[in-house]
Engineer: 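Okay, here's the structure, questions in a sec.
Proteins come first, then strands; the chains are lettered A, B, ... in the order of their sequence lines, and each starts at number 1.
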Amino acid sequence: TQLLEQSPQFLSIQEGENLTVYCNSSSVFSSLQWYRQEPGEGPVLLVTVVTGGEVKKLKRLTFQFGDARKDSSLHITAAQPGDTGLYLCAATTSGTYKYIFGTGTRLKVLA
Amino acid sequence: GAGVSQTPSNKVTEKGKYVELRCDPISGHTALYWYRQSLGQGPEFLIYFQGTGAADDSGLPNDRFFAVRPEGSVSTLKIQRTERGDSAVYLCASSLGPAGNYEQYFGPGTRLTVT
């Protein structure tokens with residue numbers, strides 16, 4: 001069974017702090033995505049990475065795909081209360097068309 | 001344009017009953033996914049449709065779960081003889097094509113509670 005483990009599970013920080021969330025697996029993935037989900041809503045896509053070592057930036061968010069395409073990180077600079085939510089990684093493997101989701105990181109940014 | 005819609009938003013049913021959950025995807029999206037999300041967890045894949053056919057149903061937990069998409073648009077997830085362990089949020093997502101190549105758009109989910 002393919003598993004995507006995220007760490008930390010929970011994170012509570014003050015506004016303005018930096019943080020990094022990790023997504024790890026023993027499997028090699030053809031693509032990996034990061035989502036943010038708010039209560040009562042479905043996940044919303046933030047970014048897709050497909051190439052080993054790839055780095056993408058979205059305003060204060062920086063996403064990296066590991067060289068071996070088995071892991072990824074999400075770094076948030078100067079977190080804001082609006083960043084609060086559940087962050088999920090999801091991946092696909094070659095030859096399949098289903099997404100495997102990670103266990104999630106619940107982030108709370110305090111004003 | 002309208003996003004993915006799911007009905008009902010909440011469903012409470014008694015153990016042993018039959019339920020149907022509906023998903024209206026974004027118009028023109030050929031791929032449709034169903035997921036189940038338990039409290040505090042990430043979504044768990046159930047089934048993937050490409051057009052009218054189920055291309056991958058490997059995530060359906062047992063034969064009480066069944067899904068259809070007869071005209072390649074609206075999909076219905078059907079659960080027979082519901083059990084308390086079926087309680088979760090059921091999410092639907094649609095995309096222009098299969099996973100990895102196209103962005104999937106999620107609906108708000110149906111919260112199912114089995115009492």
Side-chain angles (χ1 to χ4, degrees), chain A residues 1-11 21 23-25 27-51 54 56 58 65 69 72 85-108, chain B residues 3-10 21 23-26 29-51 53-61 67 88-111:
Chain A
T1 303
Q2 298 153 354
L3 270 178
L4 275 174
E5 295 197 6
Q6 289 186 236
S7 61
Q9 264 190 293
F10 301 97
L11 193 53
V21 176
C23 174
N24 296 290
S25 175
S27 300
V28 176
F29 296 110
S30 53
S31 71
L32 190 140
Q33 302 182 326
W34 284 94
Y35 292 80
R36 183 168 74 208
Q37 186 178 22
E38 301 195 22
E41 299 180 9
V44 175
L45 180 67
L46 296 174
V47 78
T48 300
V49 286
V50 297
T51 305
E54 183 175 2
K56 282 192 173 179
L58 182 65
F65 202 11
R69 290 185 289 132
S72 181
L86 178 67
Y87 287 81
L88 296 158
C89 61
T92 58
T93 53
S94 178
T96 73
Y97 296 110
K98 65 184 183 185
Y99 292 90
I100 304 298
F101 274 83
T103 48
T105 293
R106 192 165 296 281
L107 171 66
K108 186 167 186 178
Chain B
V4 178
S5 63
Q6 292 186 245
T7 53
S9 55
N10 279 285
L21 311 180
C23 172
D24 279 86
I26 293 172
H29 281 193
T30 60
L32 186 146
Y33 293 82
W34 282 100
Y35 297 88
R36 179 168 68 176
Q37 187 173 27
S38 300
L39 193 62
Q41 304 287 318
E44 172 192 7
F45 169 82
L46 295 177
I47 187 169
Y48 156 58
F49 286 92
Q50 182 58 46
D56 187 338
D57 64 357
S58 62
L60 295 177
V89 174
Y90 288 81
L91 294 166
C92 174
S94 71
S95 61
L96 283 169
N101 298 322
Y102 299 92
E103 178 175 353
Q104 56 177 347
Y105 296 83
F106 281 84
T110 292
R111 181 175 298 279

Engineer: If I measure from the heavy atoms of chain B, does Leu86(A) come under 4.5 Å with its side chain, its backbone, both, or neither?
Structural biologist: side chain

Engineer: Are more than 12 heavy atoms, taken from residues, nucleotides or ligands other than Lys108(A), located less than 6.0 Å from that residue's NZ atom?
Structural biologist: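 It does not: Lys108(A) NZ has 12 such atoms or fewer within range.
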
Engineer: If you define the side chain from C-beta out and look only at heavy atoms, does anything of Gln37(B) sit under 4.5 Å from Gln37(A)?
Structural biologist: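 Result yes, sub-4.5 Å side-chain heavy-atom pair found.
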
Engineer: Would you say that more than 12 heavy atoms from the other residues, nucleotides or ligands in this model lie under 6.0 Å from the CD of Glu5(A), or not?
Structural biologist: no

Engineer: Against chain A, label Ser58(B) side chain, backbone, both or neither, depending on which of its atoms sit under 4.5 Å from a heavy atom there.
Structural biologist: side chain

Engineer: Is the CZ atom of Arg36(A) crowded by more than 12 outside heavy atoms at less than 6.0 Å?
Structural biologist: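 Yes.
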
Engineer: Any side-chain heavy-atom pair from Tyr35(B) and Lys98(A) closer than 4.5 angstrom?
Structural biologist: no

Engineer: With a 4.5 angstrom heavy-atom cut-off, is it the side chain or the backbone of Tyr35(A) that approaches chain B, or both, or neither?
Structural biologist: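 Tyr35(A) touches chain B through side-chain heavy atoms alone.
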
Engineer: Which heavy atom of Leu88(A) sits nearest a heavy atom of Pro43(B), and at what distance?
Structural biologist: CD1-CD, 3.8 Å

Engineer: Any chance you could measure Thr103(A), atom OG1, to Gln41(B), atom CD, to the nearest 0.5 Å?
Structural biologist: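 Result: 7.5 Å between the selected atoms.
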
Engineer: Chain A: which of Gln50(B), Gln6(B), Gln104(B), Glu103(B) shares the most heavy-atom pairs with it under 4.5 Å?
Structural biologist: Gln104(B)

Engineer: Taking the side chain as every heavy atom from C-beta outward, state whether Pro98(B) and Thr92(A) have any pair of such atoms under 4.5 Å apart.
Structural biologist: no

Engineer: Between Leu91(B) and Pro43(A), what is the shortest heavy-atom contact and its length?
Structural biologist: CD1-CD, 4.0 Å

Engineer: Could you check Tyr33(B) against Tyr99(A) for side-chain contact (heavy atoms from CB on, under 4.5 Å), going step by step and ending with a plain yes or no?
Structural biologist: CA-CA 9 Å; Tyr33(B) 293 82; Tyr99(A) 292 90; 4.1 Å; yes

Engineer: Rounded to the nearest 0.5 Å, how far apart are OH of Tyr102(B) and OH of Tyr97(A)?
Structural biologist: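 Reported to 0.5 Å precision, the distance equals 10.5 Å.
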
